[in-house]
Amino acid sequence: MASLSPPPSLNETYSGIPLNLLEKAKSAKFKVYENLTKTIATRKGLALPPGISKNALLSALDELATQVGQEHVQLNDQPLDDGWYMEHPNTHDAFSLLDEESLIASAIVYPGSTEEVQTVVKWANVHKIPIYPISMGRNLGYGGAAPRVRGSVVLDLGKRMNAILDINPNDCTCLLEPGVSFYALYEAIQARGYKHLWIDCPDLGGGSVLGNTIDRGVGYTPYGDHWAQHAGLEVVLPTGEVIRTGMGAMAGSNTWQAFPYGFGPTSDGMFSQSNMGIVTKMGMTLMPNPGGHKSYMYTFEREEDLPLLIDIIRPLRIANILENVAQLKYYIQEVAALGNPRSKYYKGKGQTPEDVLRREAEKLPCGKCTWIYYGTAYGPEHIRKHKLELIHSEFMSIPNAKKIDPSTIPKSHYFWARDRISSGTPDLQELDWLNWVPNGAHCFFSPISPTNGKDAQKLLAIARKRHTQFGIDLFPAFCIGLREMHLIINMVYDRSDSSSKRAAYECMRAMIDDAAKEGYGEYRTHLVFQDQVAQTYGWNNGALMKFNERIKDALDPNGILAPGRCGIWPKAYKYRGLQLGVGQPGPDKDSGEGITEEPGKLLAAKL
Ligand SMILES: Cc1cc2nc3c(=O)[nH]c(=O)nc-3n(C[C@H](O)[C@H](O)[C@H](O)COP(=O)(O)OP(=O)(O)OC[C@H]3O[C@@H](n4cnc5c(N)ncnc54)[C@H](O)[C@@H]3O)c2cc1C
């Protein structure tokens, strides 16, 4: 273990860790590798795109290499190394739920400019080879860097397109290429001395600002709804043309990042969680430093406090007294956030017994409790004071509620990582709970519901029933937006163990269906559940999907761009049996896809 190389720093690579987090990253890496028993398997074979022979693929890639440079085209024929968060693969999903060779790239291409992205798109149309864009490829929990169709050529945009094109300190906006991480943007703002600018970041800062935003990711300051903060896109369409949205459609525009709509229909939404275009530039608004902040933590003793608490939160959140996408976590997460394997507390199989978890949680700063609210108030002290008093009197109306004094919380505690994130300083500590099981991987169950006590209870009951059925520890967190909640459940599984993967996979499928029956839909999901989730948005005989498919077929007649992403299948791929978890395979099964929904089993005959 002593021989582990240090994670690459931001000085060395665009995707690296800032120097001030290097020690933390070293220790996170150490914990991951200490918990690792999975070995790197010999490859079963090169993944081919559906209907493309090996010779055809190799000769098309040779041609591509002459157009963008040999060194920028890489065959994916080496063993698949999952790495870890800071040294993640761009060839596959490091947290694979199916067989790890199921959803993998045949090759990776690294375009260096919008023009080169156009070149790749035109090449894909000539050869009818599916391509799949990633910005940083750290979409862990939602599919990582994996393409939806096995054998697609992954366009890794971040490696060579990672410039911060503009930071406007007056308008508080920026313009970014795909490879700019939250870490990199934060560091650039500090380096330029713009103390009055904040960024908003997710739990971990290594993702691409652009990739996260177009996947509608969330962060934890008042600017936490990233898509709502974007302002202007540059997009390469699936047939190779380039457009700019909003004010960017004017030649010589001077307000591209200042006014998101421009004139006429707003087309930006078509490029978010979609396969209608490749985003090569994105504008983003930045939050002005509010002049101070204070994080706080309240605990609530009983499981049954949940509905009342949520009903108290709703008006406070809508009125912006609770100002950020705050989190209501379960006591189990306090234990998991310590970063220890659960075997430290319990060595049996199935769910960890409640008494074990409660006993461990009681030893922590949260003490004896069931729910923990992490929040932050913003502004100078005299402004915060009024809001904090209101919050205090509302929360303390719940019997046995407690405010935890931050001065009693050790500096290494998760509370302080949340404090940094909620004030726009990216961190890394959130990785810790992944160590709960050996070879820890996770996927998110993330349904949207009204901010309503009854709904919170109903969703929690669905999740509890299925987690109990499949023997998985339950990690729920309610993330409260303005008028809705995301219930985010992190399902942690052992990615080297097919029964653990199978349990997570089936549990997720069951929860998606159960939730949909009650009117709750996922805001985002892992690649392998996208067909199923898309189908739950089926009002009026699937009218929305029919509309999406018409647009897709019009924009992408050869269906080359990320076919199947978010359940949108172009004509060319529709009846090839590629959908997962829904319906029956279509008549043409000779897809070359070769995947099965059996974790650990790949259709060997297709390789
Ligand atoms: C412990 C843990 C905690 C996490 N917490 C959060 C959190 O708080 N909030 C959150 O939002 N996420 C969270 N995530 C999920 C994920 O890590 C982040 O959302 C991350 O930012 C996504 O990866 P990325 O930015 O590298 O995007 P990418 O992987 O590059 O992109 C995501 C997807 O968008 C599409 N895409 C990317 N770039 C383009 C492009 N240029 N054009 C067209 N399509 C494109 C692709 O389909 C791609 O698969 C967490 C993950 C882990 C492991």
Side-chain angles (χ1 to χ4, degrees), residues 15 28 32 84-86 88-90 93-95 103 111 114 117 121 131-148 152 154-159 161 176-183 200-220 224-227 233-238 270-282 325 327 336-337 339 417-418 421-422 426-436 440-444 446 475 477 479 486 488 490 492 523-524 526-527 530 561-566 568:
S15 59
V32 169
W84 73 292
Y85 181 75
M86 286 312 301
H88 66 295
N90 59 6
D93 180 7
F95 290 175
L103 300 182
T114 300
V117 173
V121 165
I131 54 176
Y132 191 91
I134 57 170
S135 287
M136 191 71 78
R138 284 195 172 119
N139 211 7
L140 294 161
Y142 294 113
R148 174 60 184 86
S152 299
V154 163
L155 264 78
D156 185 338
L157 300 160
K159 185 175 175 193
M161 297 172 71
L176 309 172
E177 287 192 327
V180 178
S181 70
F182 292 93
Y183 290 138
D200 182 279
C201 45
D203 292 320
L204 302 167
S208 149
V209 180
L210 189 157
N212 176 281
T213 300
I214 61 172
D215 212 21
R216 299 206 284 272
V218 296
Y220 303 93
D225 177 352
H226 292 166
W227 181 248
L233 302 175
E234 179 184 89
V235 185
V236 174
L237 297 178
M270 255 176 11
F271 305 109
S272 153
Q273 287 195 5
S274 91
N275 49 11
M276 311 289 183
I278 300 176
V279 182
T280 44
K281 293 183 181 67
M282 183 190 73
V325 180
Q327 292 196 335
R418 292 242 63 84
I421 292 164
S422 302
D427 205 90
L428 193 68
Q429 198 151 329
E430 193 73 23
L431 279 178
D432 278 352
W433 49 257
L434 277 169
N435 297 318
W436 191 242
H442 80 104
C443 62
F444 290 110
S446 35
F475 288 6
C479 296
H486 295 37
I488 306 277
N490 313 316
V492 187
Y523 94 101
R524 186 177 174 193
H526 189 285
L527 281 181
Q530 290 182 353
L561 184 58
R565 173 151 162 75
C566 289
I568 305 168

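Everything quoted here is computed from the prediction, not taken from an experiment. Atoms within each ligand, like the ligands themselves, are counted from 1 in listed order.
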Engineer: For R138 and S208, indicate whether the former's side chain and the latter's backbone hold a donor-acceptor pair under 3.5 Å.
Structural biologist: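 Not confirmed, R138 side chain does not pair with S208 backbone.
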
Engineer: Partners of D432 by salt bridge (Lys or Arg N to Asp or Glu O under 4.0 Å), sequence neighbours excluded?
Structural biologist: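 Applying salt bridge (Lys or Arg N to Asp or Glu O under 4.0 Å) to D432 gives K31.
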
Engineer: Kindly print each ligand 1 N/O atom paired with any protein N/O atom under 3.5 angstrom away, one pair per line, or none if nothing qualifies.
Structural biologist:
{"unit_1": "ligand 1", "atom_1": "5 (N)", "unit_2": "D203", "atom_2": "OD2", "d": "2.9"}
{"unit_1": "ligand 1", "atom_1": "8 (O)", "unit_2": "D203", "atom_2": "N", "d": "3.1"}
{"unit_1": "ligand 1", "atom_1": "8 (O)", "unit_2": "D203", "atom_2": "OD2", "d": "2.9"}
{"unit_1": "ligand 1", "atom_1": "8 (O)", "unit_2": "Y220", "atom_2": "OH", "d": "2.7"}
{"unit_1": "ligand 1", "atom_1": "9 (N)", "unit_2": "V218", "atom_2": "O", "d": "2.9"}
{"unit_1": "ligand 1", "atom_1": "11 (O)", "unit_2": "N212", "atom_2": "ND2", "d": "3.1"}
{"unit_1": "ligand 1", "atom_1": "11 (O)", "unit_2": "V218", "atom_2": "N", "d": "2.9"}
{"unit_1": "ligand 1", "atom_1": "11 (O)", "unit_2": "R524", "atom_2": "NH1", "d": "3.0"}
{"unit_1": "ligand 1", "atom_1": "17 (O)", "unit_2": "R138", "atom_2": "O", "d": "2.8"}
{"unit_1": "ligand 1", "atom_1": "19 (O)", "unit_2": "N212", "atom_2": "ND2", "d": "3.0"}
{"unit_1": "ligand 1", "atom_1": "19 (O)", "unit_2": "R524", "atom_2": "NH2", "d": "2.8"}
{"unit_1": "ligand 1", "atom_1": "21 (O)", "unit_2": "N212", "atom_2": "ND2", "d": "3.1"}
{"unit_1": "ligand 1", "atom_1": "23 (O)", "unit_2": "R138", "atom_2": "O", "d": "3.2"}
{"unit_1": "ligand 1", "atom_1": "23 (O)", "unit_2": "N139", "atom_2": "N", "d": "3.2"}
{"unit_1": "ligand 1", "atom_1": "25 (O)", "unit_2": "S208", "atom_2": "N", "d": "2.7"}
{"unit_1": "ligand 1", "atom_1": "25 (O)", "unit_2": "S208", "atom_2": "O", "d": "3.2"}
{"unit_1": "ligand 1", "atom_1": "25 (O)", "unit_2": "N212", "atom_2": "N", "d": "3.4"}
{"unit_1": "ligand 1", "atom_1": "26 (O)", "unit_2": "G137", "atom_2": "N", "d": "3.2"}
{"unit_1": "ligand 1", "atom_1": "26 (O)", "unit_2": "R138", "atom_2": "N", "d": "2.8"}
{"unit_1": "ligand 1", "atom_1": "29 (O)", "unit_2": "G137", "atom_2": "N", "d": "3.3"}
{"unit_1": "ligand 1", "atom_1": "29 (O)", "unit_2": "R138", "atom_2": "N", "d": "3.4"}
{"unit_1": "ligand 1", "atom_1": "29 (O)", "unit_2": "N139", "atom_2": "N", "d": "3.4"}
{"unit_1": "ligand 1", "atom_1": "30 (O)", "unit_2": "S135", "atom_2": "N", "d": "2.7"}
{"unit_1": "ligand 1", "atom_1": "30 (O)", "unit_2": "M136", "atom_2": "N", "d": "2.8"}
{"unit_1": "ligand 1", "atom_1": "30 (O)", "unit_2": "G137", "atom_2": "N", "d": "3.0"}
{"unit_1": "ligand 1", "atom_1": "38 (N)", "unit_2": "S135", "atom_2": "N", "d": "3.3"}
{"unit_1": "ligand 1", "atom_1": "38 (N)", "unit_2": "S135", "atom_2": "OG", "d": "2.7"}
{"unit_1": "ligand 1", "atom_1": "41 (N)", "unit_2": "S135", "atom_2": "OG", "d": "3.4"}
{"unit_1": "ligand 1", "atom_1": "41 (N)", "unit_2": "V279", "atom_2": "O", "d": "2.8"}
{"unit_1": "ligand 1", "atom_1": "42 (N)", "unit_2": "V279", "atom_2": "N", "d": "2.9"}
{"unit_1": "ligand 1", "atom_1": "47 (O)", "unit_2": "Y132", "atom_2": "OH", "d": "2.9"}
{"unit_1": "ligand 1", "atom_1": "47 (O)", "unit_2": "R565", "atom_2": "NE", "d": "2.9"}
{"unit_1": "ligand 1", "atom_1": "47 (O)", "unit_2": "R565", "atom_2": "NH1", "d": "3.4"}
{"unit_1": "ligand 1", "atom_1": "49 (O)", "unit_2": "Y132", "atom_2": "OH", "d": "3.2"}

Engineer: Go through the structure and list residues passing ring-ring contact (aromatic ring centres under 6.0 Å, His included) with F271, not counting sequence neighbours.
Structural biologist: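 So F271 forms no ring-ring contact (aromatic ring centres under 6.0 Å, His included) with any residue.
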
Engineer: CG of L428 to OH of Y183: how many Å apart, nearest 0.5 Å?
Structural biologist: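 Result: 4.0 Å between the selected atoms.
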
Engineer: Would you say S446 and R524 are linked by a side-chain donor-acceptor pair, where the criterion is simply a distance under 3.5 Å?
Structural biologist: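 Short answer, no.
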
Engineer: Considering residues at least two apart in sequence or located in another chain, which fulfil the salt bridge (Lys or Arg N to Asp or Glu O under 4.0 Å) criterion with R418?
Structural biologist: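 Checked R418 against salt bridge (Lys or Arg N to Asp or Glu O under 4.0 Å); matches are D203, E430.
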
